[in-house]
Each structure stands twice: as structure tokens, then as C-alpha cells.
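First the structure, in the form of C-alpha cells, and then the observations on it.
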Amino acid sequence: MLVALIIIVPVFLMVVSLFVRKIRPLGLINAAGYAGACVAGVMLLKVFLAGGCVPISLWGWIYIDSLSVFFLITTIAVTFAASVYSIGYIRLEIENGEISLRKAGSYFQLFNLFSFTMFIVPLLNNVALVWIAIEMTTLVSAFLVGFHNVKESIEAAWKYIIICSVGITFALLGIIFFYYTSSNDANVRSLEWASMLSGSGMFDPKIVRIALIFILVGYGTKAGLAPMHNWLPDAHSQALSPVSGLLSGVLLKISLYAILRFVILANFSVGYAYSARLFIFFGLVSLAVAGAFILVQKDLKRLLAYSSVENMGLISLGFGFGPFGGIAAGLLQVFNHAVTKALIFFCAGNAVQAYRSNNMNMMRGLIKAMPFTGASMFLGLFALVGMPPFSIFISKLCILVSAFQGGYHIIAAVMLILIAFAFAGLVYHISRIVLGSPPQALPCHKESLSAKLAFLFLGVFIVGFGVMIPQGFLDLLLSCQRLILGQ
Amino acid sequence: MTLNIILIGFLAATFLMVIAKRITALVRTFRIQSIFLFLYTLYMGLCQQHLELFVVCGLVFILKVVVIPLVLLRIMRRINVEEDLGLLINPQLSLVIALIFAYLSYLFAHNAMGLPYSQASAAFIASMTVVCIGFFLMVGRMKALGQVIGLLVMENAIFLAASVIAGGMPFFVEIALFFDIFVFIVIVEVFVYKVNRLFTHIDTSKMQSLKG
């Protein structure tokens, strides 16, 4: 029932956006709809925890376990924030003459279609349908990346479609290998999670190893793991800011979810240690690449995009230290990074609208020009780089602890050095934007109420989870950890 | 016997794609490749007498033999750009690389995956070769349409691989995959027009405004 409600919300809103022509009510309806989805998500979490995290199967098409619930509520929370932020953002884009009234209507249609495709991914029962849903997220969001219809954004959108489609084609090959060993060795001719899992003990380890590499490279492209990350800074910097928040905050994690599903399937034939090695490899490469590019960035949104690559690397490392508590830590980082990155992308969106440029050298004195945005961005920055008392500090610390508990001393040391690079780059660039005095010619800008509300909503999570993580959420994370380790 | 002929045709069409220098030639050879894929599914359908296989076979014909090549040719007509595919690697060398892919696929199938020697494994090797060639076409051709066709070639080959090693995906998954390809080609058409309007060419090697 709750699940149906959550799926219907974006579909309903998309239909509404086809008929409502006025932008203001449309934005409000959108936000209200996703607020409803949020409530449904929290209730789903409660019901699920009360039922002892037992997987729920609905109509044969939908399969919900702790992992699905976790990724679903993360997605819903960030989508809600983005829908609230969109109200003011789109109005200002129209006032600035960046987009026409007609295009604003199509923005809301695409936004809802995009969130629909993201909502169904964690819920679907069938691995091939998950694949198709993820491919659909690419195809729909390509329009949101190329929304401005200028050279740069179309180039970014083209790269995005092509690179992600190729990546995901390799993932399809991986799925086929899993299907082959499942039907050949385990005699399960099905692509459904639960039935494949029941036969996964009999999978041929040789083929599972190969298949898992294809899956990690394929979905890893979409998850923004280096060295397959080339599309990411382009797409994230060219998309509209609410969408950039969604891309960085949740879209990357959605394909991580798909990877985790296959890691679970591979557990009983090749063991978790094999997946852990792959995760550590991609994690370290991502950290190194992102650290280098963060230092030399000139474009604010590209800087944030590379920071997403860095965080995906960290999450991946967390999974690499899995058996020692790293999985729960990595998942906590998934949630914390989603809300923090959404916040800071929204702040960047306000800044870009005010300064009319993405170039960080043009931006000075944000905190004087727009006090609320400037302050949020500054706090968001310190949350993002992992300062206490914010939530990312906790998850980074947990990842580090699990690394040392697992005896990965050298990897942990390398990880710390690479994080320090990213820390230095982010603090240097963003504090130069926030502090100082604004340029004389800067027109006076008022921040919209909706942006402030979105910042506050995300801020509650950022600060709140840094101080205390609710018991229910912690239970969910631990249940996910048991699931992934196959215990 | 029939199966071998179909596979040889499928591979030959792919090698023709490797040496194609013009976009229309690439589209036509893609159609030939799809025809062999259609013949393969038809043969499977006749052998196993499943209604579902005939439906899949019909969809392969409609989508891959008729609709996609028509859409690609229409794009070519509308944007009216030069035909040259923009080869980064010349046809002779491309052909040698394609042969190396075939050998590597052979090693992959027998050594890495440990498939037994059989007709199915030969078909699997053929499809893995074509996957590699599709990827090679995407990387080695500068024009946007070359990349799209490369991706479609990979898709064809994966379809064949699924069919030979796992006896085909479940029916509704196949249908959903066709839907996915259809949406993909429609969206690509929209974006090719946009690229052509803004850049006045579709040469992706000249798209370099985003860096670093």
C-alpha cells in the first residue's frame, strides 16, 4: 500500500504537470507530493522495522528488503529537498531569462519522470528490469543535463548518454553471465533476486568472478567510480542545480545499489573477500583521481562533481573493509553524502544564479551578498570535508575504524593522504568564494523562501545525524550489513 | 549446419562494418547483421516451436531490420552532413584488430570461462567478438552516429550471447529490452539534431569545450 503510494506520487505529479500551466502552483504541488512520499517512506521504514526487517514481496514484481528500504528513503529525502528548492530556482531562472515559461513546464515533467525511474529501481524484483530502469534514468536525465540547449550542455548530455549506455551495456553482459551460471549450474531459470539467491551457492565461481567484474565496471561507470568517471563532471556541472543535486546525491547511489545486489549473489560462490578487493581497487583509484582534479578546478560545479567521485571512492573503500563494520559505515556515508552534496549543490545553484557564472574566480563574498546561502555553503563545506559535529565526520571515522580493524593499515594511510588533498582543495576554493567582499557590480539578490526551507530540511539531517543517529536507522543499516555479508 | 551459416553471415556483416568508411555503408551493414540475427531467432523458433520465440523474432525484424536503420538513414538525410565516418584507425588495421578480438574471445571463452567445445561455444565466441568490435567502433569512429551504431552492434551481440549461452532471457525481459532500445534510438535522434544544430557538425572529436 505504502509502496504503491510512493510509486504513484511521481506518476501523478507528472500527469499534473502536463495540465497545470502556471509555474508557481506547479512547483508547490510538486513539493507537496514529494512531502507525501516522504511521509510514506518514513511509515514504510517504521512498518518494515516493526516487522523485523523481513523481506516483503508484492505482486511478483516488487521485492523489498532492508537494502531497498534504505536506498528508497535516501532517494525520497533528496528528491523532496530538490522539489522544494526547484520552486524558487525555476522562478528565478525564468526571471533571468535563462529558460522560457514553456520549458519550465517540461522541466517539471522530466523531473517527475526522472524521480519515478529512480524510485522504482530499489523496488523491482527482477535484475534485468532494474537494468532497464537504470538505463531509463540515464535517458530521462540526459534531457535535464542538456536543458539549456547550449553547446556545453548538449556536449555534456551527449557524452553522458553514450558513456553511461556503453557502461551499462557491459553490466548487461555481466547479468547474462550470472543468468548463464544460474540456469546452467544451479538450475534456476529466473532473473528474480530471491530465486537467484536461493541457488547462488551452486554458481560456478569462475564465471561469477568474470561477471562481477563486468557488473562493477558497468554499473561503476554510472556510479561515478574512476577511471570510468569522465562523463560525471561534465553532466553534473551542466545540469540545472536541483538536478545536479539529484544526480550527485542519489543517481550515483542508485547504481551502487545494483552493484550491491550482485555482490550479495556472488557471496556464496566466491566469497565476500573477492568483491572487497575490487571495491578497494576502484575506491583508491577514485580517491586519487578526484583528489588531483579537485585541486586544480576553476568551475564551482565541476569541483563539487569531483568531490562526488571522491565520496564514491570512500564509500567503495568502506565496502572494501566490509566484514569489519565497513558496510554499515559505507551505507551511512551514502546517506550523509546524499544530503550534504544536495545542500551544497543547491547553494552553488544560488551562487551561480547571482554571479551569472560558474567560474570560481568571479565569485567572492557570497556570505555578504547572500547571507543565508553563504552561511549554508560554508557549513555545508565543513560538513562535506568531514569536520565534526557534522554527519560525514561520523561515517568517515567509521570507515577508517573498520579499515584499521581489518588490518588494512597501508590502504588506510593512503586513503587519509588522498582525503587530505580533497580537503585542502575544497576548503581553499570554497572559502575564497564565501569570504571576501563581493564585486561592486553584483545586483542585489534575495534568496527565495523555498531555497531556505530546502537548506533547513537538509541541514537537520546533516547536523542531526552528526549528533545522534536514530536507533531505527541504525537497525536498518545493520540489517543491510548482515544482508550484504550473507549472514 | 544452418546455424553455422547464420553465424558466419553475422560475423561477416560485422567485419564489413569494420571496414566501412561512410555512415550509410555502416547503417546498411548494420541492417545485414540484424537480418542474420533475425534468421537466428527464426531458426530457434522453428526448432523449439515456442510462440514466444516467434514474437521475439518478429520484434527483431521490425525493430532492428526495419525501424532502426530507417531512423538512422532519416537522420542522415535530415542533417545533411558529409558521409565520411572519420576513422581514427584505417580499415586494414581495423580489420587486423578485429581478428585479434576474435582470437581473444576464443581464449576468453575456453580459458577464462571454461566453456566446453561445442557449437554453442562457437556461437558465444562469435558474439563476444562482435561485442568487442562494437566497442571498437564506438571508440575508433569520430562521428556521433558511428558511436550510436557501435552501441547497437554491442546490443545485437549481447542479444545473441544471451540466446546461445543461456537459451534467451525470460520473455517479458526481452520485450522490455526492445522497448529500451526503441527509447534509446528515439532519444539519440533528438540529441543528434541538437548537436548538429549547435555545432553544425556531428564530429565528437571536435567537441572539446568541457575539460578537466
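Every chain is numbered from 1 and lettered A, B, ... according to where its sequence line falls, protein lines coming before strand lines.
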Give a yes or no on whether [X] atom [atom1] has more than 12 heavy-atom contacts from other residues, nucleotides or ligands under 6.0 Å away.
X	atom1	result
F179(B)	CZ	no
Y193(B)	OH	yes
F15(B)	CZ	yes
M76(B)	CE	yes
F182(B)	CZ	no
N111(B)	CG	yes

Please flag which part of [X] lies under 4.5 Å from any non-hydrogen atom of chain A: side chain, backbone, both or neither.
X	result
L151(B)	side chain
V190(B)	side chain
V192(B)	both
F159(B)	neither
A144(B)	both

### Query
For M128(B) and F177(A), which heavy atoms make the closest approach, and how far apart are they?
SD-CZ, 4.3 Å
### Message
As a quick check of understanding, evaluate side-chain contact (heavy atoms from CB on, under 4.5 Å) for F184(B) and I161(A), giving each step before the final call.
### Response
CA-CA 9 Å; F184(B) 173 77; I161(A) 293 184; 3.9 Å; yes
Relative to chain B, which segment of [X] carries a heavy atom at a distance below 4.5 Å: side chain, backbone, both, or neither?
X	result
L129(A)	side chain
R209(A)	neither
V296(A)	neither
F143(A)	both
K159(A)	side chain
A142(A)	both

Could you state the interatomic distance from [atom1] ([X]) to [atom2] ([Y]), rounded to the nearest 0.5 Å?
X	Y	atom1	atom2	result
D180(B)	I132(A)	CG	CD1	5.5 Å
I181(B)	E135(A)	CD1	CD	9.5 Å
L172(A)	M154(B)	CG	CE	9.5 Å
F135(B)	T169(A)	CZ	OG1	10.0 Å

## Note on the structure
Checked A128(A), A156(A), S165(A), S183(A) vs chain B; the most non-hydrogen pairs under 4.5 Å come from S165(A)
### Message
Using a 4.5 angstrom heavy-atom cutoff, name the option from N230(A), N149(A), N184(A) with the most pairs to chain B.
### Response
N149(A)
### Task
For the pair W61(A) and F172(B), name the ring-plane relationship: parallel under 30°, tilted 30 to 60°, perpendicular over 60°.
perpendicular
Check whether any side-chain heavy atom of [X] sits under 4.5 Å from a side-chain heavy atom of [Y], and report yes or no.
X	Y	result
K194(B)	W158(A)	no
Y179(A)	I165(B)	no
V166(A)	Q147(B)	no

### Message
I'd like to know whether L198(B) forms a side-chain contact (heavy atoms from CB on, under 4.5 Å) with V150(A), so could you lay out the CA-CA distance, the side-chain angles of the two residues, the decisive distance to 0.1 Å, and finally the verdict.
### Response
CA-CA 7 Å; L198(B) 289 167; V150(A) 292; 5.7 Å; no
### Task
From the options I154(A), L139(A), I162(A), select the one residue that forms a side-chain contact (heavy atoms from CB on, under 4.5 Å) with F191(B).
I154(A)
